[in-house]
There are 2 protein chains.
Amino acid sequence: MAEKLDDIDRRILDVLQRDASLSQRDIADRVGLSQNALWRRLKRLEETGIMSGARMHLDARALGLDLTVFVMVRTRNHSMEWSEGFRKHVARIPQVQEMHRIGGDWDYMLKVVTTNMAGYDAVYRRLTTGYELDTVTGFFSMETMLEDRPLDLHA
Amino acid sequence: MAEKLDDIDRRILDVLQRDASLSQRDIADRVGLSQNALWRRLKRLEETGIMSGARMHLDARALGLDLTVFVMVRTRNHSMEWSEGFRKHVARIPQVQEMHRIGGDWDYMLKVVTTNMAGYDAVYRRLTTGYELDTVTGFFSMETMLEDRPLDLHA
DNA sequence: GTTGAAACACCCTCAAT
DNA sequence: ATTGAGGGTGTTTCAAC
């Protein structure tokens, strides 16, 4: 799956994951390419699917989305069919930002972002309606200390 | 903190958080505004800080970043000074995408994205070097079922 | 890989309504 | 709020090296 990327590709991606509004002129200067050569690389990086679209970053707090909860779920049924059904169920809840099937003491972990406790309660009810979950525990974020950081492209 | 946003503002933000590469012409058509009126709203939304820059979305898997771990940390020292020092310590680790101070059985939760188990071990060592942590447990994501979803602007 | 140019789209501002 | 228009910038595709 890992595509062949050289250092320049990595630098282009790193610049863009931090600021996608830069002009090709600026990016080309930063990575030491002509605008034309950069254009060809950008096209290739798009085609391979490594870059999958620019997104505007929004400030959740400024939008009144003040509550972040990490929800741990333990279930009884562990078949893949049930898991996929559960995924679709959760995907219909827009306050869920992220969902993972995890190892350890729990089966699933969800990240929920909403306005307040009433909003979380609504998510909780929707989550548990129609699905028999063994245990559901919310870990409430009291302080977001780091968020939305760029990927480490040198890892 | 919550700014005064009408439905049109919300629709603009919703369109842009899904695709920041759209032209003002396209956005204006979608939300039913003239390009000129849209421009003024965009300027205002930028100034208030609700929109904080476009970012290119990268496919972690295509970049070989195949391992996601949620790290739960329990500490002994719970002073705010220690917490801020710990935050700065963690902020220097580029594989950490997210860090929260949480309530419940744990004190902190970190999201780590890296290449493989060796990469995670490097993060673990760096995390625990110089800081006496009571307990550190990693919940390994076996399957990312939902990720990077847009915020729910109607919550 | 590079430069230069041409055609087009987009952004921003202003004037008028 | 709207349309229309102008100048400047950015993108995309050439041709030539």
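Below, chain A is the first sequence line, B the second, and so on; all start at residue 1. Treat the numbers as computed from the prediction; the structure is a model and nothing was measured.
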Practice item. Would you sort out whether Arg44(B) and Asp9(B) count as a salt bridge (charged side-chain N to carboxylate O under 4.0 Å, His left out), showing the intermediate values? Key: CA-CA 10 Å; Arg44(B) 182 168 50 79; Asp9(B) 284 329; 3.1 Å; yes
Give the rounded distance in Å between these two atoms: [atom1] of [X] and [atom2] of [N].
{"X": "Gln35(A)", "N": "dA6(C)", "atom1": "CD", "atom2": "P", "value": "16 Å"}
{"X": "Leu22(A)", "N": "dT9(D)", "atom1": "CG", "atom2": "C1'", "value": "15 Å"}
{"X": "Asp29(B)", "N": "dC10(C)", "atom1": "CG", "atom2": "P", "value": "11 Å"}

Review point. Taking NZ, NE, NH1 and NH2 as the nitrogens, is one of them in Asp26(B) or Arg30(B) under 4.0 Å from a carboxylate oxygen of the other?
Key: no
Exercise for review: With the side chain of Leu33(B) defined as its heavy atoms from C-beta on, choose the nearest nucleotide among dT2(D), dC12(C), dG1(C).
Suggested key: dT2(D)
Review point. So Tyr108(A) and Trp82(A), would you call those rings parallel, tilted or perpendicular, with 30° and 60° as cut-offs?
Key: tilted
Practice item. For residues Lys111(A) and Thr68(A), report the shortest heavy-atom separation together with the two atoms involved. Key: CE-CG2, 3.9 Å
Review point. Should Gln24(A) be listed as having a side-chain N or O under 4.0 Å from OP1 or OP2 of dT12(D)?
Key: yes
Check your understanding: In residues 36-43 of chain A, which residues come under 4.0 Å of DNA chain C by heavy atom?
Key -> Asn36(A), Ala37(A), Arg40(A), Arg41(A)
Exercise for review: Compute the ring centroids of Phe70(B) and Phe140(B), then answer whether they are less than 6.0 Å apart.
Suggested key: no
Practice item. Apply the side-chain hydrogen bond (donor to acceptor under 3.5 Å, both in side chains) test between Asp107(A) and each candidate in Arg74(A), Arg101(A), His78(A); give the one that qualifies. Key: His78(A)
Point to revise | DNA chain D: 5'-proximal contact among Arg25(A) and Ser34(B) (nearest heavy atom) | key: Ser34(B)
